[in-house]
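Structure, as structure tokens:
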Protein chains: 2
Amino acid sequence: MGNHTLELFKELGISPSHTRMMIYDFLSENKNHPTVDEIYQALNQFLPTLSKTTVYNVLNLLIKNDLVEAINTSDNEKRYELKIDDHSHFTCIECGTIFDIPRVETTYDKSKLPQFNIVHEQVNLLGVCNSCMKK
Amino acid sequence: MGNHTLELFKELGISPSHTRMMIYDFLSENKNHPTVDEIYQALNQFLPTLSKTTVYNVLNLLIKNDLVEAINTSDNEKRYELKIDDHSHFTCIECGTIFDIPRVETTYDKSKLPQFNIVHEQVNLLGVCNSCMKK
DNA sequence: GTCCTTGCAAAGCGTTTGCACAGAA
DNA sequence: TTCTGTGCAAACGCTTTGCAAGGAC
């Protein structure tokens, strides 16, 4: 896994520092859209001198290189995820958790939107998740 | 228009103060997803003692009453719109402008997502708008 | 009088910036 | 040496909170 990350970074010309690979691998292993604080808390055990600034620096670097995507949440806090598989999101309006779901297909006529050069689409379903429904 | 707003507020039990109706009417006439600051700047001419706190207060009140929806943008600033017509969004990745577009239909199988009670869906197309393409 | 809207000031909090230190090339 | 990754501290900007003054009823 780390080996794959190493090669990926080299291909993109990103110097593969320990911290950068740790953050990338963390996102690769934790598909729950963590916040900066959650990434920081988790990695601080292994990198005792880690700072949130570095987490921000690395995430923004990975975003520039199209490896990571930021999700803007309603509570003014961004969440981050690897930009690898094409999927959609379900957001629970009770607890705010974001779930990955299989890609939701859309149907629209591009010729009716000639004023836009559409390159990407996001679908977010909203509702109540299972554990919140039980409450 | 103001008359419609007055009745709408009364139905919902919202006391129809001048400031509240002004903010609602502003959103009704300006479908360009303004920020709090844009609303404040625009209405401050007519309400010289207006404060941003009041704009926040009113918007959050309208959100609670399902009249207004907040859009979370990538620049950590929320944008607001009336929650009336069912539409989708196109966001320009160059200038950040959000355009309303006709509702984009989705095709997914609800039975394959039994763990979620889906009540709403959002579609956001991303790309470059006309005026940014010319640059 | 009581309740509620408004708004000033301050706090809160996520994020970015300035800058310096240390390590890599 | 030069460049670059890291991290402390401070600044920044949007949003919320505390609280008091004034108006509505």
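Chain letters run A, B, ... following the sequence lines, proteins first, then strands; residues in each count from 1.
- Residue T35(A) is out of contact with every strand shown, counting any heavy-atom pair closer than 4.0 Å.
- Aromatic ring orientation, F9(A) versus Y24(A): perpendicular (interplanar angle above 60°, classes split at 30° and 60°).
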Where protein sits on nucleotides 8-25 of chain C, one letter per nucleotide: B base, S sugar-phosphate only, - none, heavy atoms under 4.0 Å: BB----SBBB--------
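- Between K64(B) and N60(B), the closest side-chain pair of non-hydrogen atoms is not below 4.5 Å.
- Using a 4.0 Å heavy-atom criterion, one finds that T54(B) contacts the bases of the nucleic acid, with or without backbone contacts as well.
- The nearest pair of heavy atoms linking E94(B) to C132(B) is CB-SG, 3.5 Å.
- Regarding L59(B), its CG atom lies at a distance of 15 Å from the C1' atom of dT5(C), rounded to whole Å.
- Not one N or O on the side chain of E11(B) forms a donor-acceptor pair closer than 3.5 Å with the backbone of L8(B).
- The OH atom of Y40(B) sits 15 Å away from the P atom of dT6(C) (whole-angstrom rounding).
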Audit row: E105(B), R103(B), salt bridge (charged side-chain N to carboxylate O under 4.0 Å, His left out) steps and yes/no: CA-CA 6 Å; E105(B) 300 289 338; R103(B) 173 191 167 86; 3.3 Å; yes
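- Distances shorter than 4.0 Å separate some side-chain N or O of T19(B) from OP1 or OP2 on dT6(C).
- Side-chain contact, T35(B) with D37(B): no donor N or O sits under 3.5 Å from an acceptor N or O.
- More than 12 non-hydrogen atoms from other residues, nucleotides or ligands lie less than 6.0 angstrom from NZ of K31(B).
- Think of the region where chain A sits on DNA chain D: with heavy atoms and a 4.0 Å cut, that region ends 5' and 3' at dG5(D) to dT15(D).
- Ring geometry for F90(A) versus F116(B): interplanar angle under 30°, hence parallel rather than tilted (30 to 60°).
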